[in-house]
Amino acid sequence: MSKRVSNTVRYKYPLPIHPLDLPQLFVHNPISWAYWLYSYITSYNALSNKIHVDITKHNNFIHIEVRDLADMKYLWDRGFFGTGQLSRSEPTWYEQTRKKFQSSSDGKSNGMSLERVTKLRRKQRVEFKKQREIVEEKLLQLRREGNLTPEQEVEILEQERDKLRKFKDDQASLHIMDQDEDITEQENKRLLLQRSEILDENDNLLNLESLQLMPVETIFLSFALPILDISPVDFISKCCLTDISRYSEDLHTLLIQYAAYHHYRSHGWCVRSGIKFGSDYILYKRGPPFQHADFCIMVLDSNCSKPYTWYSTIARVCGTANKTLVLCYVERLETEEQILEWLQRGQLTKVFNSFKVGEVIYRRWVAGRNRD
Amino acid sequence: MTDLNKNSNQPEIDLEEDEIIQDWSTVSKFTNDNPILSIPKRGEKDYEPDNTNTQEILLYRAQKAMFDTLENSIRGTIIKNQVKAYYIHDRHVGWIPHAKGNFVQTMGETDKEGTLWLHYFEFLYLAERGTITPFWKTNNGIEIPLSIEDLYSFFKNQKEMDDFAIYGYLKRLGFIVKSTNDCIISQNKLSFYPSSVSKSHCINILQNITSIFNKTYNSLFNGIIFSQWHFSHMKYTSSPQIYMSLNRLISYNRAPNSVKELHHDYQFHSGNIESSDKTLQITFNVWKPNPTFKKKFPELPDFQIVTYNKNINDQKFPTYKDLQHLFQSLNYKFNFLMDPANSEFWNRNTYINDIQRQKILDDIDNNPRNKGKLPKKDTNIPENSTNKKQKPKRELPPHIQQLKRLKNGYRSFLLAIMDNGIVSFSKISEADFGSENVWYVPPADGQKKPVNNRKRSQKNKTKT
């Protein structure tokens with residue numbers, strides 16, 4: 001479990017803007033005072049170089065990408081912003097591929113990526129299910145023959161179950177050793193083919209992956225914590241396609257989505273896209289490597305009333321994933337004209353200040369389980 | 001007092017009724033710990049055809065046992081035990097002249113003459129169960145027996161029918177369910193709030209002023225924070241400081257979470273709780289099964305139910321404003337304040353017709369006429385003492401408590417959804433993420449991080 005320790009170092013800062021790194025202050029030592037004061041005056045919170053983002057538009061969709069490897073890592077490590085396009089969420093494609101090439105040439109791999117762990121687990125699960133099917137088939141065969149009393153059947157069932165349990169335990173202990181086996185002949189061939197596409201003339205691995213940011217993340221990183229090299233107002237108008245002279249549905253949605261995003265971010269949550277659970281956001285207490293998300297957030301306008309099926313569908317999905325569904329109602333306190341005027345003048349603070357958030361938890365309730 | 005006297009007579013009558021006990025022993029043989037020897041339970045998924053007759057035989061045997069048992073049972077009502085109930089069409093209620101049976105303890109209202117008055121849904125429920133025999137009494141005193149079909153035709157509208165289905169569902173599960181409004185003979189106002197709460201206005205004005213002040217202060221402050229150069233000239237020495245400068249931008253609705261705040265919220269909104277036919281309203285009070293339930297002086301309910309038919313076009317799922325109205329009109333054992341089992345706390349905070357429940361109970365105890373009832377009180381005492389035994393509960397660590405608060409929310413009600421005869425429930429609770437801070441504080445580099453002093457925020461300790 002050496003990984004835990006490295007996590008605390010790696011994810012030390014919860015936000016991409018750091019607090020000042022001041023030296024220790026000894027009350028009785030005047031030199032430490034002077035040094036502390038010097039550090040305090042010379043250091044500042046802002047980043048020295050802003051992070052470059054590429055914004056491209058394809059039809060109705062906007063792509064916000066960070067391409068620099070170091071920047072990608074910076075944004076992921078400090079607050080878990082963005083999603084790697086070729087990975088599960090953390091941009092690990094480059095490392096994965098590098099390791100893969102290394103292991104295919106050296107014949108050994110160092111460490112396993114999370115994606116491979118999942119793959120392996122799924123494989124083991126399939127194997128286990130096959131074993132179980134065999135057992136069930138066997139039992140059925142016996143039952144068909146008809147010379148089996150219920151008591152005998154129970155006994156056999158218990159025996160087989162023990163065997164299965166043992167099989168599963170063995171699988172778990174084999175977990176680490178199993179890792180190299182899935183690089184087969186075919187896989188090697190595929191790798192060779194891939195190689196030509198992803199290496200440059202000098203045989204260096206090209207980074208094909210970029211970190212994609214959600215529009216709300218982009219606003220947060222350019223407006224609340226200005227570390228991206230874009231202007232938030234320009235970005236908002238770009239997002240809504242039409243210029244911001246009209247209070248469109250798109251604009252309203254973006255504004256309430258951001259209000260909710262900022263609300264949770266600013267109270268310390270790690271907010272990430274909830275698309276995997278059919279919701280707008282999911283809230284991690286610290287971040288994906290540390291624990292599962294406990295909450296699914298659906299952002300709604302405060303006057304919104306959807307058909308009942310909509311609520312029950314989402315609640316069911318979130319419930320199965322063991323998450324609490326929060327309906328986050330955002331209320332607009334000012335008129336549309338007022339907000340547009342502020343937007344045009346670039347006063348985003350006033351714009352977002354005129355939104356108010358209210359939350360409601362929606363949960364399935366079963367009468368039989370709440371009697372005592 | 002009449003109903004209390006009745007209750008004390010009740011056990012003897014019950015005994016007689018219960019003497020004819022159905023013999024279920026043959027059927028109960030089929031409930032076995034061993035899954036192979038017992039019939040699969042409803043809803044169990046491990047059950048599919050396997051081309052053998054094992055399951056079929058098992059089902060057949062179980063069915064036969066059930067039929068055999070039922071065949072030998074006694075059918076019909078014994079005249080002596082028959083409870084005649086009458087329906088009054090003009091008032092759409094039922095009444096029983098001399099009610100006897102367990103149901104009297106939890107259902108209807110008893111007047112001074114000892115007549116039990118029943119809401120229509122209660123009347124129909126009892127008739128359906130066979131507990132009472134429904135009649136229509138004509139003006140010249142002729143009793144016409146009513147069938148269940150007749151009774152169903154007396155429903156006034158769809159909502160009443162939906163409410164009945166939901167009532168019946170909960171009732172059959174053992175809950176005590178009562179209507180929140182339209183009492184038949186007396187207005188019994190059960191409330192968490194004493195009426196004196198809704199009088200004073202000074203505090204409202206004061207609150208308005210402070211809220212305006214806060215708003216201008218925040219907007220001034222935000223103007224400074226969210227400027228491009230802000231992080232070049234501000235000096236933040238810890239992450240919490242950065243978070244706190246960020247979290248003033250978006251205002252949020254605070255959920256009242258203490259007795260004081262609830263009272264405050266109540267008086268602030270008591271004037272503008274409007275109601276129309278379109279908006280949803282609290283229909284039922286629900287108590288968990290409780291043998292010491294007092295019909296005349298009930299405790300605050302455990303749940304409150306809003307009924308909603310998903311297929312009626314003009315009934316919309318509540319918007320946020322509707323939800324807030326519902327939250328403000330709630331009156332139940334707010335379980336985030338105190339464990340619902342703490343009867344001492346709840347008796348002090350329950351008002352029946354504006355009189356504290358504790359006072360009512362004390363009066364009953366002190367009344368010399370009730371001295372003979374002491375054994376009845378005894379049943380309460382062990383319950384209290386067990387509560388006290390349970391009290392020293394393990395204090396959970398602050399971050400777990402916080403997570404619990406976030407997950408459970410505060411005021412809540414149950415939405416009972418009717419969809420073509422199928423009832424399902426969802427619990428809707430007020431949440432408050434704005435009052436909780438969960439940020440991660442990096443291990444200090446030398447100095448201690450300041451603990452923020454906002455009222456309800458807990459410093460997060462994810463790392464242990």
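So that the names make sense, note that chain A is the first sequence line, chain B the second, and so on, each numbered from 1. Quick caveat, the model's predicted, so the values are computed rather than measured.
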Out of curiosity, [X] [atom1] to [Y] [atom2], how far, rounded to the nearest 0.5 Å?
{"X": "A:R265", "Y": "B:Y243", "atom1": "CZ", "atom2": "OH", "value": "6.5 Å"}
{"X": "A:C328", "Y": "B:Y320", "atom1": "SG", "atom2": "OH", "value": "9.0 Å"}
{"X": "B:I428", "Y": "A:L327", "atom1": "CD1", "atom2": "CG", "value": "7.5 Å"}
{"X": "B:S429", "Y": "A:Y362", "atom1": "OG", "atom2": "OH", "value": "11.5 Å"}
{"X": "A:S266", "Y": "B:M244", "atom1": "OG", "atom2": "CE", "value": "11.0 Å"}

Applying a strict 4.5 Å limit to non-hydrogen atoms, the region of A:Y329 in contact with chain B is side chain
Answer with side chain, backbone, both or neither: which region of A:F220 has an atom nearer than 4.5 Å to a non-hydrogen atom of chain B?
side chain
Any donor-acceptor N/O pair, [X] side chain to [Y] backbone, under 3.5 Å:
{"X": "A:H262", "Y": "B:L246", "result": "yes"}
{"X": "A:H267", "Y": "B:N437", "result": "no"}
{"X": "A:R371", "Y": "B:L173", "result": "yes"}

Kindly determine whether B:H399 and A:K285 satisfy side chain to side chain contact (heavy atoms under 4.5 Å, CB included), including the steps that lead there.
CA-CA 10 Å; B:H399 69 279; A:K285 207 157 177 198; 3.7 Å; yes
Using a cut-off of under 4.5 Å on heavy-atom pairs, state which of [options] scores highest against chain B.
{"options": "A:T324, A:D294, A:L283", "answer": "A:D294"}
{"options": "A:K350, A:R364, A:E331, A:H263", "answer": "A:H263"}
{"options": "A:I361, A:V360, A:V357", "answer": "A:I361"}

Is the number of heavy atoms from other residues, nucleotides or ligands under 6.0 Å of A:E155 CD greater than 12?
no
Heavy-atom cut-off 4.5 Å, strictly under: side chain, backbone, both or neither for [X] against chain A?
{"X": "B:L406", "value": "both"}
{"X": "B:S412", "value": "neither"}
{"X": "B:I242", "value": "side chain"}

Return the option, out of B:E430, B:K310, B:K407, B:Q324, with the maximum number of heavy-atom pairs under 4.5 Å with chain A.
B:K407
Contact winner vs chain A - B:L323, B:L415, B:D419, B:D302, heavy-atom pairs under 4.5 Å
B:L323
Take the angle between the ring planes of [X] and [Y] and call it parallel below 30°, perpendicular above 60°, tilted in between.
{"X": "B:F317", "Y": "A:Y311", "value": "parallel"}
{"X": "B:F175", "Y": "A:W365", "value": "tilted"}
{"X": "A:F295", "Y": "B:F433", "value": "perpendicular"}

Counting a contact as any heavy-atom pair under 4.5 Å apart, which residues of residues 298-308 of chain A contact chain B?
A:S302, A:N303, A:C304, A:S305, A:K306, A:Y308
In short, B:Y440 meets A:K12 closest at the heavy-atom pair CE2-O, 3.5 Å
Residue pair A:P14 / B:S239: nearest heavy atoms and the distance that separates them:
CD-OG, 3.6 Å
Run the side chain to side chain contact (heavy atoms under 4.5 Å, CB included) check on B:I250 and A:F352 step by step: do they pass?
CA-CA 7 Å; B:I250 310 287; A:F352 291 125; 4.2 Å; yes
Using side chain to side chain contact (heavy atoms under 4.5 Å, CB included), reason through B:N253 and A:K356 one step at a time and then give a plain yes or no.
CA-CA 7 Å; B:N253 280 309; A:K356 190 173 186 184; 3.2 Å; yes
